[in-house]
Enquirer: 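Next up is a structure, given as structure tokens.
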Amino acid sequence: MYRTHTCGELNATHVGQVVTLAGWVHRRRDHGGVVFFDLRDRSGLVQITINPDLNAESLERVSAIRMEWVLQIEGVVQKRPAGMENPRMKTGEVEVIAKNVQVLNSSKALPFMINGETDLPDENTRLKYRYLDLRRERMTNNLILRHNVIRFMRDYLDRQGFLEVETPILFKATPEGARDYIVPSRVYPGQFYALPQSPQQLKQLLMVAGLDRYYQIARCFRDEDQRGDRQPEFTQLDLEMSYVHRDDVLAMVEGLYTAMIPAVAPDKQLLATPWPKLSYREALERFGTDKPDMRFGMELVDVSEIFARSEFKVFKSALESGGAIKCLLAPNSADMSRKEVDALTELAKSQGAKGLATLSFTDDGVKGTAAKFLSQQEVEAVKSRAGVRAGDLILFAADERSIVNKVLGNLRLVFRDKLNLADPNLLAFIWVVDFPMFAWNAEEERWDTEHHPFTMPQLADLDKFDTDPGAILSDAYDMVCNGYETASGSIRIHRRDIQHKIFELLGHKEADIQMKFGHMLEAFEYGAPPHGGMAPGIDRLVMLLADEPNIREVIAFPKNQNARDVMADAPSQVEQKQLQELGIRLSGTP
RNA sequence: GGUCCCGUGGUGUAGCGGCCUAACAUGCGGCCCUGUCAAGGCCGAGAUCGCGGGUUCGAAUCCCGUCGGGACCGCCA
């Protein structure tokens, strides 16, 4: 063994012991006579003291040593002289007086500094040298946190009677949902596997197989454009249970999370237990989104009624065409500059609104773009309905209801960030339930499933299939936290007739259904039990627990926004021979 | 596919028509220094300002294009 102890574990109880350590030079402080190194391994830092009476061989090595060299230090743990302790270091009471210094490896000058939190380079540089970036304490801690989260999940689910089962990475392309990553087959030229977007079908088949309670730390692949909270491959806690109703699944997962979070992230507070349940409709109406950040108020206020007889053209025409007028109260924002309001208006326009109307309640009276178009009574009515106080700003959106909600929902988040309305240590978990089963796809003139085609419609709505599919609610649910969708799931269809009906409504032809989903339909004919499940996203959860702004910070080797691995430079071309074996000829760019 | 923002020594920034033969910090090299902990002091090397074109007497600075990166919209069952 190279070492007897780790750096971070040393403390006053080790005083007097001879120890051997191995690690990186985090910092060096060379005083000419005495030299200090902070030696680092995963466990932390400890000060190594090189005194001038060290053996000549070691002493000669010391002068050449630079940051990130790998050393093996044999020495004696000593209590630091009085007044020389460093209370900011975990090991600050002690130091290791070196008796022998071996250089295990040297290091080139670093492409960027990794011993502080400031001055991080461009993210691509961090990704190119990810192995250096991960040496940083913050990144190491993120990976440790992620490990603790997954370990807790495994232990907890094991105690709850779940079995961890692995499912294939090479599977079958699915026509629904995201774009698939496909893998050519050598044995069957011209045919392709697909990487799973999730193990959805497989876990349902495990229920048919009688596994009863299944989970997996599952890698999922979706070939869509990136965001801060989306990567081409990501990890879910995929789970499925037999003989459950919606609330059984929710209670299981809520129990897991409320036990886990104090254990892995003790600084975080849960907003409420049990977690509030919001219907999809209610979430949209009150917060303008199906993934509301519940850490602060600023709810949307419907003022359509107040303006039922308004002469303000913008409001009038919105109502006449069946739309709505809603507003948002931005506290203490009446003094916002024209420029800032214009920027908000641009944002609103980018999301489909025609514009924004404002009222600002200043010391000099009511100002804003809507002021001169509204009557005194209308202004008073808005004031009392929205609870306006002096200094507040009101923003109106008048349009189709869906656009109004979307625009104000996004503005709500802009003000959250601008006015620091959300407590960063709060985790506001909620359940969003009662999603619509279908959404009309205007572009392709057909129905799409809102969740996925294996989701069980609510029984009360089954008779609406032929009359009003848009009104059918499903037994789908999302876990939402601080404005992120952190899990999604549903009770599944376990009856062949209903499943078949869904595929039909989605516009699949009979032959297609057999080719793409025949295995599922057939399985349902062999005594499929009622079942349901969920898939909490692990990357997003760890991101929230670690206070990171994106999931790349909690993934060891993520891809950049253009789905590129800049360290290994993937994707890359392959040998012509490989393509030949697969029967693939490149036709140039699509 | 679209919108917006960014690109200056290894790294992070400043400079935003002439004062730039490009500044500061850090890192790097050398020298001095026996108690520091972002150690300190002195000296030094290191950048054709992402790339291409244009405007101008003159471009890091203005314009156009392009490449790379980021945020967002579309997309993400």
Side-chain angles (χ1 to χ4, degrees), chain A residues 26-38 45-54 63-64 66-68 80-89 91-92 95 97 107-129 132 174-180 196-198 200-201 220-232 234 343 346-352 406-407 410 413-414 417 435 437-439 441 443 447-455 474 476 485 488-490 502-503 506 535 537 549-550 552 560-562 564 566:
Chain A
H26 190 67
R27 258 189 267 273
R28 60 188 275 271
R29 293 178 291 281
D30 186 345
H31 288 245
V34 67
V35 178
F36 302 102
F37 293 136
D38 289 338
L45 296 171
V46 69
Q47 174 163 286
I48 309 296
T49 303
I50 313 287
N51 283 319
D53 61 357
L54 185 63
S63 62
R66 292 294 180 272
M67 282 192 289
E68 298 304 312
R80 293 199 191 183
M84 301 299 166
E85 302 87 356
N86 185 347
R88 288 187 299 160
M89 275 175 96
T91 60
E95 61 189 339
I97 308 298
S107 170
K108 293 208 296 185
L110 297 167
F112 59 96
M113 290 299 101
I114 62 177
N115 57 9
E117 264 309 311
T118 53
D119 287 0
L120 279 180
D122 168 67
E123 192 178 357
N124 249 31
T125 307
R126 290 175 56 204
L127 291 175
K128 180 174 177 191
Y129 299 98
L132 296 178
T174 48
E176 303 286 330
R179 198 176 293 115
D180 287 312
Q197 296 177 29
S198 84
Q200 180 60 39
Q201 297 183 31
C220 306
F221 305 87
R222 295 177 192 177
D223 185 5
E224 295 293 349
D225 288 341
Q226 309 308 297
R227 289 289 186 279
D229 62 350
R230 293 194 334 226
Q231 280 273 300
F234 59 98
E346 280 312 304
L347 180 75
K349 283 183 176 168
S350 78
Q351 278 148 10
K406 184 177 177 185
V407 164
N410 278 302
L413 297 182
V414 170
D417 297 336
F435 280 79
M437 182 76 198
F438 301 104
N441 183 334
E443 207 171 305
W447 292 100
D448 281 339
T449 47
E450 186 76 27
H451 186 55
H452 60 58
F454 309 106
T455 301
S474 74
E485 179 195 309
S488 183
S490 62
I502 302 274
F503 288 138
L506 295 176
N550 66 64
R552 298 187 297 275
N560 72 7
Q561 191 166 58
N562 298 318
R564 185 153 266 291
V566 294

Enquirer: Please report the distance, rounded to the nearest Å, between CD in A:E85 and C1' in B:rU36.
Expert: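 After rounding, the reported distance stands at 13 Å.
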Enquirer: Can you tell me how far C1' of B:rG30 sits from CG of A:D30, to the nearest Å?
Expert: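 These atoms are roughly 13 Å apart.
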Enquirer: So does A:R29 pair up with A:D38, basic N to acidic O under 4.0 Å?
Expert: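 A salt bridge links A:R29 with A:D38.
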Enquirer: When the C1' atoms of B:rG54 and B:rU11 are compared, how many Å lie between them, rounded to an integer?
Expert: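 Between the two C1' atoms, the distance is 33 Å.
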Enquirer: Please report the closest heavy-atom contact between A:F234 and A:Q197, naming both atoms and the distance.
Expert: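 Of all heavy-atom pairs spanning A:F234 and A:Q197, the closest is CZ-O, 4.3 Å.
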Enquirer: Going by heavy atoms in the side chains, are A:E95 and A:P81 under 4.5 Å from each other?
Expert: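 A:E95 reaches A:P81 side chain to side chain.
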Enquirer: Tell which nucleotide pairs with B:rG65, taking only Watson-Crick or G-U wobble pairs whose two distances are both under 3.5 angstrom.
Expert: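 Its partner is B:rC51.
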Enquirer: Which sits closer to the 5' end of RNA chain B, A:V34 or A:Q561, going by the nucleotide each is nearest to?
Expert: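 Nearest nucleotide further toward 5': that of A:V34.
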Enquirer: Base, sugar-phosphate, or nothing for A:N562, non-hydrogen atoms under 4.0 angstrom?
Expert: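 Sugar-phosphate: the residue A:N562, judged by heavy atoms under 4.0 Å, touches backbone atoms but no base.
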Enquirer: Please compare A:G177 and A:R66 by the position of their nearest nucleotide in RNA chain B and report the one closer to 5'.
Expert: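 Looking at RNA chain B, the more 5' nearest nucleotide goes with A:R66.
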Enquirer: Atom CG of A:L110 and atom P of B:rG12: how far apart are they, to the nearest Å?
Expert: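 Going from CG in A:L110 over to P in B:rG12 covers 14 Å.
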Enquirer: Just so I know, are the side chains of A:R222 and A:R230 near enough to count as touching, which here means a heavy-atom distance under 4.5 Å?
Expert: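 No, their side chains stay 4.5 Å or more apart.
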Enquirer: Reckon A:P111 touches a base, only the sugar-phosphate, or nothing at all at heavy-atom distances under 4.0 Å?
Expert: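 It contacts sugar-phosphate atoms only.
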Enquirer: I need the CG-P distance between A:D38 and B:rG35, as an integer number of Å.
Expert: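 Result: 17 Å.
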Enquirer: For atom P, what is the distance between B:rA60 and B:rG52, given to the nearest Å?
Expert: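 One P to the other, the span is 13 Å.
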Enquirer: Kindly say whether, by distance alone, the side chain of A:R80 makes a donor-acceptor pair under 3.5 Å with the base of B:rU36?
Expert: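 Present.
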Enquirer: Measure distances between side-chain N and O atoms of A:R564 and base N and O atoms of B:rG68, and say whether any donor-acceptor pair falls under 3.5 Å.
Expert: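 Not at all, since no donor on one side and acceptor on the other fall under 3.5 Å apart.
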Enquirer: Give A:R88 one of three labels, base, sugar-phosphate or nothing, depending on what nucleic acid heavy atoms sit under 4.0 Å from its own.
Expert: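 It contacts sugar-phosphate atoms only.
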Enquirer: Between A:M89 and A:R80, which heavy-atom pair has the shortest distance, and what is it?
Expert: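 Smallest heavy-atom distance, with atoms named: SD-NH2, 3.8 Å.
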Enquirer: Ignoring hydrogens, what is the shortest heavy-atom contact between A:E450 and A:F435? Give both atom names and the distance.
Expert: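 Of all heavy-atom pairs spanning A:E450 and A:F435, the closest is CG-CD2, 4.4 Å.
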Enquirer: Does the structure show a Watson-Crick or G-U wobble partner for B:rA23, both distances under 3.5 Å? Name it, or say none.
Expert: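 B:rA23 is paired, partner B:rU13.
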Enquirer: Could you work out the separation of B:rG2 and B:rU48 based on their P atoms and round it to a whole Å?
Expert: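 Result for the P pair: 33 Å, nearest Å.
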Enquirer: Base, sugar-phosphate alone, or nothing: which one does A:K406 contact when heavy atoms must sit under 4.0 Å apart?
Expert: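 Answer is sugar-phosphate: A:K406 comes under 4.0 Å of backbone atoms only.
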Enquirer: A:G92 near the nucleic acid: base, sugar-phosphate alone, or nothing, with a heavy-atom cut-off under 4.0 Å?
Expert: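 Counting heavy atoms under 4.0 Å across all strands, no contact is made by A:G92.
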Enquirer: For A:F454 and A:T449: C-alpha separation, side-chain torsions, deciding distance, then whether side-chain contact (heavy atoms from CB on, under 4.5 Å) applies.
Expert: CA-CA 9 Å; A:F454 309 106; A:T449 47; over 6 Å; no
Enquirer: Side-chain contact test, heavy atoms from C-beta onward, threshold under 4.5 Å: evaluate it for A:T455 versus A:M437 and give yes or no.
Expert: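 In contact.
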Enquirer: Write down the distance separating the C1' atoms in B:rU56 and B:rC63, rounded off to the nearest Å.
Expert: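 Comparing C1' positions in B:rU56 and B:rC63 gives a spacing of 12 Å.
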Enquirer: Spell out yes or no: do the side chain of A:R230 and the base of B:rC75 have one donor N/O and one acceptor N/O closer than 3.5 Å?
Expert: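 It does, because a donor-acceptor pair links the side chain of A:R230 to the base of B:rC75 below 3.5 Å.
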Enquirer: Any base atoms under 4.0 Å from A:E346, or only sugar-phosphate, or nothing? Heavy atoms, all strands.
Expert: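 Answer is nothing: A:E346 stays at 4.0 Å or more from every strand.
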Enquirer: Could you state the atom-to-atom distance from CZ of A:F112 to C1' of B:rG9 in whole Å?
Expert: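 In whole Å, B:rG9 C1' and A:F112 CZ are 18 Å from each other.
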Enquirer: Output the rounded distance in Å from CG (A:N124) to P (B:rG12).
Expert: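 Checked: the CG to P distance equals 11 Å.
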Enquirer: Taking the side chain of A:M84 as heavy atoms from C-beta outward, which of B:rU36, B:rG70, B:rC76 is closest to it?
Expert: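 The listed nucleotide nearest to A:M84's side chain is B:rU36.
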Enquirer: Taking any heavy-atom pair under 4.0 Å as a contact, classify A:Q197: base, sugar-phosphate, or nothing.
Expert: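 The answer is nothing, as A:Q197 stays clear of every strand by at least 4.0 Å.
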Enquirer: Side-chain donor or acceptor of A:Q47 under 3.5 Å from a matching atom on the base of B:rU36?
Expert: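 Answer is yes: a donor-acceptor pair is held.
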Enquirer: Please state whether the phosphate of B:rA71, meaning OP1 or OP2, lies under 4.0 angstrom from any side-chain nitrogen or oxygen of A:R552.
Expert: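 Looking at the OP1 and OP2 atoms of B:rA71, one of them is under 4.0 Å from a side-chain N or O of A:R552.
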Enquirer: Which whole-number value in Å describes the distance from A:I114 CD1 to B:rU11 P?
Expert: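 So the two atoms are 15 Å apart, to the nearest Å.
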Enquirer: So, A:H31 and B:rA39: ring centres less than 5.5 Å apart, planes less than 30° off, yes or no?
Expert: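 Ring-base stacking flag set for A:H31 and B:rA39.
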Enquirer: Kindly say whether, by distance alone, the side chain of A:R29 makes a donor-acceptor pair under 3.5 Å with the base of B:rC33?
Expert: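 Between B:rC33 and A:R29, which were checked side chain against base, a qualifying N/O pair under 3.5 Å is absent.
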Enquirer: Of all the nucleotides listed (B:rG70, B:rC75, B:rG12), which has the minimum atom distance to the side chain of A:P121?
Expert: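 Between B:rG70, B:rC75, B:rG12, the one nearest the side chain of A:P121 would be B:rG12.
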Enquirer: May I ask you to verify whether the side chain of A:D122 and the base of B:rG7 hold a donor-acceptor pair under 3.5 Å?
Expert: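 No pair found.
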Enquirer: Does B:rU3 have a Watson-Crick or wobble mate here (both distances under 3.5 Å), and if so which one?
Expert: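 With both distances under 3.5 Å, B:rU3 matches B:rA71.
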Enquirer: NZ of A:K128 versus C1' of B:rG70: gap in Å, rounded?
Expert: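 Rounded to whole Å, this separation is 19 Å.
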Enquirer: Select base, sugar-phosphate, or nothing to describe what A:S488 touches, counting heavy atoms under 4.0 Å on all strands.
Expert: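 The answer is nothing, as A:S488 stays clear of every strand by at least 4.0 Å.
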